[in-house]
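Each residue takes its place number in the sequence, starting with 1. Quick caveat: nothing in here was measured; it's all calculated off a predicted structure.
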Amino acid sequence: KRVASRTRTLQKRKEFLEESTSAIMEAAEQEAKETATQQEQQPPPHRASLFTRTREELEEAQRKRSERAKKIYQTRLENEKRQKMESLLSSSSPLLEMATQDKRQRPVNRKFYPPKQPTPQDAFLRIEYALDHDKSPEIDDLHILLQPQRMKHRRELLLRILKDRFDLRGKCVPVYREKGSKELGNRGPTLEFGTTCTIAQLGEFIVDLLEKADESGEETKG
């Protein structure tokens, strides 16, 4: 009897525990469902704060974001510029650095004095210097310039003398077709363009004009 009574008691306790556990599980599930339903019905905290912010606060937040983006972009530009300068300085040769330093140390208002050597190149510079200062070139420099050799921009300089000092342009250079006809007067010259006649013909005409101006004592155009 005692064994049977003990068995019944244990069985009742087991059934009671199972019922209690089932009731607790059902209550927990019900509470979880109610909580989930409440969360779905209420907006998240951050969304609720957005809906409750004023227009001024939203504009202020947007302004701060814009300023922060501008600062980041400006910093990136400065970093890129600094990297380019460092790359350029590291790749530059000592000769380039010396030339740059010499250019910085060169006086700004340094006067130019034309060279005095009897060479066609120096004569070119002296003639150009005279024209730049509204003066007629020296005849001796014309003779040196007309020495038979190749030289860049010599024709352009001779044409500038005609234009600046004598107001001549176009077909204005007298060319004698026969040798000695200038002295003998057998045949008059024909006019040619300064761009098509020879350098010798163009230079000889300019020398004649300068010599006549010196003989007459008249100032050339300037």
Side-chain angles (χ1 to χ4, degrees), residues 28-117 119-138 141 144-145 149-165 167-170 193-195 199 221-222:
E29 291 179 358
Q30 183 65 26
E31 184 179 359
K33 290 180 180 180
E34 293 177 356
T35 302
T37 303
Q38 292 178 358
Q39 290 179 351
E40 291 178 356
Q41 292 176 353
Q42 295 179 355
H46 68 279
R47 292 182 59 188
S49 63
L50 288 177
F51 288 122
T52 58
R53 297 175 70 178
T54 63
R55 179 177 180 182
E56 290 76 11
E57 291 176 345
L58 293 175
E59 291 178 351
E60 180 67 16
Q62 184 179 4
R63 184 184 63 81
K64 291 181 179 180
R65 289 195 299 270
S66 178
E67 290 180 354
R68 185 165 57 251
K70 288 180 180 179
K71 289 181 180 179
I72 295 174
Y73 180 70
Q74 186 67 26
T75 303
R76 188 181 70 180
L77 290 180
E78 292 177 357
N79 292 336
E80 291 179 354
K81 184 178 180 180
R82 185 175 64 255
Q83 291 176 359
K84 289 181 180 179
M85 290 297 296
E86 292 176 354
S87 176
L88 180 63
L89 292 176
S90 62
S91 62
S92 61
S93 63
L95 183 61
L96 179 59
E97 294 179 0
M98 291 176 60
T100 305
Q101 183 178 5
D102 181 69
K103 185 176 181 180
R104 289 196 300 266
Q105 296 177 353
R106 188 178 303 171
V108 177
N109 296 324
R110 185 177 179 181
K111 293 183 178 180
F112 171 76
Y113 295 96
K116 299 180 179 180
Q117 297 298 322
T119 62
Q121 290 77 14
D122 289 355
F124 187 101
L125 296 176
R126 289 192 293 271
I127 294 172
E128 192 174 45
Y129 180 82
L131 295 176
D132 291 341
H133 290 76
D134 201 22
K135 296 181 180 179
S136 296
E138 296 293 335
D141 288 335
I144 296 175
L145 182 70
Q149 68 175 33
R150 297 180 64 86
M151 181 183 295
K152 290 183 178 180
H153 308 299
R154 178 165 53 180
R155 183 183 296 274
E156 288 80 359
L157 183 63
L158 295 175
L159 292 174
R160 182 185 173 187
I161 297 174
L162 287 179
K163 181 174 69 70
D164 292 357
R165 308 310 303 172
D167 197 19
L168 294 176
R169 54 181 58 83
F193 289 99
T195 55
I199 293 293
K221 181 178 181 291

Is Gln62 atom CD crowded by more than 12 heavy atoms from other residues, nucleotides or ligands, each under 6.0 Å away?
-> no
Just do the salt bridge (Lys or Arg N to Asp or Glu O under 4.0 Å) check on Glu59 and Arg63 with the steps written out, would you?
-> CA-CA 6 Å; Glu59 291 178 351; Arg63 184 184 63 81; over 6 Å; no
Mind checking the CG-CG spacing from Leu157 to Leu131? Nearest 0.5 Å is all I need.
-> 6.0 Å
What is the distance from atom CG of Leu159 to atom CG of Leu168, rounded to the nearest 0.5 Å?
-> 11.0 Å
To the nearest 0.5 Å, how far apart are CZ in Arg154 and CD in Gln121?
-> 9.5 Å
With a 4.5 Å limit on heavy-atom distance, are the side chains of Met151 and Leu145 in contact?
-> yes
Heavy-atom count around Arg150 CZ within 6.0 Å, excluding the residue itself: above 12?
-> no
Is a donor on one side and an acceptor on the other found under 3.5 Å between the side chain of Arg126 and the backbone of Gln117?
-> yes
From Leu77 CG over to Ile72 CD1, what is the distance, rounded to the nearest 0.5 angstrom?
-> 12.5 Å
Going by an N to O cut-off under 4.0 Å, is there a salt bridge joining Lys71 and Glu67?
-> no
Give a yes or no on whether Glu60 atom CD has more than 12 heavy-atom contacts from other residues, nucleotides or ligands under 6.0 Å away.
-> yes
The reported gap from CD1 in Ile161 to CD in Glu156 (rounded to nearest 0.5 angstrom) is 12.0 Å
Which atom pair, heavy atoms only, marks the closest approach of Ala130 to Ser136?
-> CB-O, 4.1 Å
Identify whether the distance between the nearest side-chain nitrogen and carboxylate oxygen of Arg165 and Asp167 falls below 4.0 Å.
-> no
For Gly194 against Arg155, the heavy-atom pair lying closest together | O-NH1, 2.7 Å
